Amino acid sequence: MAEVLKSNKELEGQVAVVTGAARGIGAAIAEKLAAMGALVILTARDQAALDGVRAKIERAGGSATVAVCDLTDEAAIQKLGETVHTQTGRCDVLVNCAGVATAGTPLHELAPHDWDAMMDVNLKAPYLLIRTFAPLMIAGKYGHIVNISSLAGKNSLPNGAAYSASKWALNGLTYSVAEELRQYNIRVSVVAPGSVNTHFGGVDASAEKAARKIQPADVARVVAMLVTQEPQSFVSEVLLRPTMKP
Ligand code: NAP
């Protein structure tokens, strides 16, 4: 029994920053990492939603703090880094989960501000967050960075070209920065799920269809595996598919 309890708290003493933690996949990842013993820094723009996730984590016996941050604001990301540094002095896990998409529009009709929003949140923000938190990990000689991409970053996505491009780029960023940081005992991985049952792509008309999709907790389980691997090796990429086609 003691062995079981120990394995459930594998992240005891660690600090995990999770973006997009207000709902959906990010909230599920935050809840999972907190259940494993990490102090989770929940970040997104919606304070009330973040407070709800924190309350849920605390009711389950975990620890979390809320740090509101608009990831399109470089100064706000820097402030987030300073807050985490002051409050905890460490960052063991960074999960870049926040993402936005404008789908259903051919590229030649896409407004430039929609292009910018996807590139800013899906691609530039992970860069700025790595820039902010990798130095803390290097100082601690340990870290995991997990970027949440998409199967749209491995395949074509007609009428979602900009979203697809942002995720293809995120994959390339991940593979490259993984090579830069492995010398510091920092493992950088990417998770590319297919359609997940969140409000991201619109609500499904049928509950049966929603149930066949990948669930947020399934992605959280993959992240939990990635941040608890044997020290001498790591899985650098996970493609996550639904068992039954939704
Ligand atoms: P979601 O439910 O819409 O959640 C998106 C999260 O990102 C929210 O917490 C949102 O919080 C945050 N966010 C958006 N813009 C932000 C900004 N400017 N600054 C800070 N935070 C921001 O989406 P999800 O389904 O959980 O998706 C999470 C990730 O998985 C995304 O990267 C997405 O591309 C990827 N993904 C999703 C699916 C899917 O089918 N759902 C499939 C493959 C990959 P606020 O609005 O409060 O800021």
Side-chain angles (χ1 to χ4, degrees), residues 17-32 40-54 56 64 66-81 94-104 113-114 116-129 132 145-155 157 160 162-171 173-174 189-204 209-220 222-223 237-242 245-246:
V17 176
V18 180
T19 76
R23 58 178 186 265
I25 298 169
I29 292 169
E31 288 162 22
K32 181 74 176 174
V40 182
I41 316 296
L42 308 165
T43 185
R45 293 165 301 178
D46 185 338
Q47 167 102 47
L50 290 169
D51 284 342
V53 175
R54 176 180 57 183
K56 192 173 173 197
V66 165
V68 171
C69 179
D70 182 343
L71 296 178
T72 64
D73 180 346
E74 187 180 332
I77 292 178
Q78 196 181 336
K79 188 162 165 254
L80 172 69
L94 167 64
V95 183
N96 286 309
C97 183
V100 292
T102 301
H113 67 83
D114 286 332
D116 288 343
M118 284 181 267
M119 294 303 160
D120 284 351
V121 178
N122 301 354
L123 181 61
K124 188 175 178 188
Y127 145 63
L128 290 172
L129 285 149
T132 298
I145 298 171
V146 181
N147 295 329
I148 306 300
S149 179
S150 167
L151 287 182
K154 304 296 286 185
N155 304 316
L157 186 66
Y163 177 72
S164 175
S166 73
K167 295 298 191 180
W168 277 82
L170 181 63
N171 295 345
L173 178 149
T174 306
S189 323
V190 64
V191 181
S195 281
V196 183
N197 184 22
T198 72
H199 290 272
F200 189 72
V203 182
D204 283 301
K209 194 173 171 204
R212 283 157 81 114
K213 280 185 168 179
I214 299 165
Q215 302 301 312
D218 304 344
V219 185
V222 171
V223 173
E237 179 173 55
V238 177
L239 310 186
L240 189 64
R241 301 177 194 281
K245 287 212 167 194

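Please read all numbers here as calculations on a predicted model, not as lab measurements. Read the numbers this way: they start at 1 and go in the same order the structure lists the ligands and their atoms.
- Residues Arg23 and Thr198 have side chains not in contact (no heavy-atom distance under 4.5 Å, counting atoms from C-beta outward).
- Contact record, Gly20 with Ala98: N-CB, 3.7 Å, taken as the closest heavy-atom pair.
- Backbone and side-chain nitrogen or oxygen atoms of Val196 are examined, and one is located within less than 3.5 angstrom of a nitrogen or oxygen of ligand 1.
- At least one heavy atom of Gly194 sits less than 4.0 Å from an atom of ligand 1.
- Counting heavy atoms from C-beta outward, Lys32 and Val223 have side chains that stay 4.5 Å or more apart.
- Shown in contact with Ala22 at under 4.0 Å from a heavy atom are these atoms of ligand 1, numbered in order with element: 9 (O), 11 (O), 47 (O).
- Residue contacts with ligand 1 do not include His199, since none of its heavy atoms lies under 4.0 Å from the ligand.
- The atoms of ligand 1 that sit less than 4.0 Å from any heavy atom of Cys97 are 28 (C), 29 (C), 31 (C), 32 (O).
- Here the protein heavy atom with the shortest distance to atom 41 (N) of ligand 1 is Thr198 OG1, 3.1 Å.
- The closest heavy-atom contact to atom 45 (P) of ligand 1, among the options Met118, Arg45, Lys213, Gln47, comes from Arg45.
- Scanning all protein heavy atoms for the shortest distance to atom 11 (O) of ligand 1 gives Ala44 CB, 3.4 Å.
- Side-chain N or O atoms of Asp114 include none that pairs as donor or acceptor with a backbone N or O of Thr102 at under 3.5 Å.
- For atom 13 (N) of ligand 1, the closest non-hydrogen atom of the protein is Ala98 CB, 4.0 Å.
- Contact annotation: the side chain of Leu170 approaches that of Pro126 to within less than 4.5 Å [non-hydrogen atoms, C-beta and beyond].
- Judged by distance alone, the side chain of Thr43 and the main-chain N or O of Ala67 form a donor-acceptor pair under 3.5 Å.
- Atoms of ligand 1 found under 4.0 Å from any heavy atom of Val100 (numbered from 1 in listed order, with element): 14 (C), 15 (N).
- With contacts defined as side-chain heavy-atom distances shorter than 4.5 Å, the pair Pro242/Lys213 does not qualify.
- In this structure, the side chain of Asn96 does not engage the main chain of Thr19 through any donor-acceptor pair within 3.5 Å.
- Listed for the Trp168 side chain is no donor-acceptor partner under 3.5 Å among the backbone atoms of Tyr163.
- Here the heavy atom of the protein found nearest to atom 4 (O) of ligand 1 is Arg23 NE, 3.6 Å.
- Which parts of ligand 1 touch Val121 is read off a 4.0 Å heavy-atom cut-off, strictly below it: atoms 18 (N).
- Nearest protein heavy-atom neighbour of atom 26 (O) of ligand 1: Ile25 N, 2.8 Å.
- Close contacts between ligand 1 and Leu71 involve ligand atoms 17 (C), 18 (N), 19 (N), 20 (C) [criterion: under 4.0 Å to a heavy atom].
- Nearest non-hydrogen protein atom to atom 5 (C) of ligand 1 is Gly99 O, 3.8 Å.
- Using a 3.5 Å distance cut-off with no hydrogens or angles, the side chains of Thr72 and Asp120 do not pair a donor with an acceptor.
- Any N or O atom pair closer than 3.5 Å counts here, and Phe200 shares no such pair with ligand 1.
- Residue contact check: Cys69 has heavy atoms under 4.0 Å from atoms 19 (N), 20 (C) of ligand 1.
- Residue Asp46 approaches ligand 1 through these ligand atoms, each under 4.0 Å from one of its heavy atoms: 47 (O).
- Among Val95, Leu80, Ile145, Asn147, the single residue meeting the side-chain contact (heavy atoms from CB on, under 4.5 Å) criterion with Leu129 is Leu80.
- Shortest contact from atom 43 (C) of ligand 1 to any protein heavy atom: Pro193 O, 3.3 Å.
- Rounding to the nearest 0.5 Å places NZ of Lys154 at 5.5 Å from CG of Asn171.
- At a heavy-atom distance under 4.0 Å, only backbone atoms of Ser149 (N, CA, C or O) approach ligand 1.
- In terms of protein heavy-atom proximity, atom 34 (O) of ligand 1 is nearest to Tyr163 OH, 2.6 Å.
- Between the CE atom of Met118 and the CG atom of Leu123 there is a distance of 12.5 Å, given to the nearest 0.5 Å.
- Contact annotation: for Asp70 versus ligand 1, heavy atoms closer than 4.0 Å belong to both the backbone and the side chain.
- Ligand 1 has at least one atom lying under 4.0 Å from a heavy atom of Lys167.
- Looking at Gln215, its side chain does come within 3.5 Å of a backbone N or O of Ala210 through a donor-acceptor pair.
- The atoms of ligand 1 that sit less than 4.0 Å from any heavy atom of Ser195 are 40 (O).
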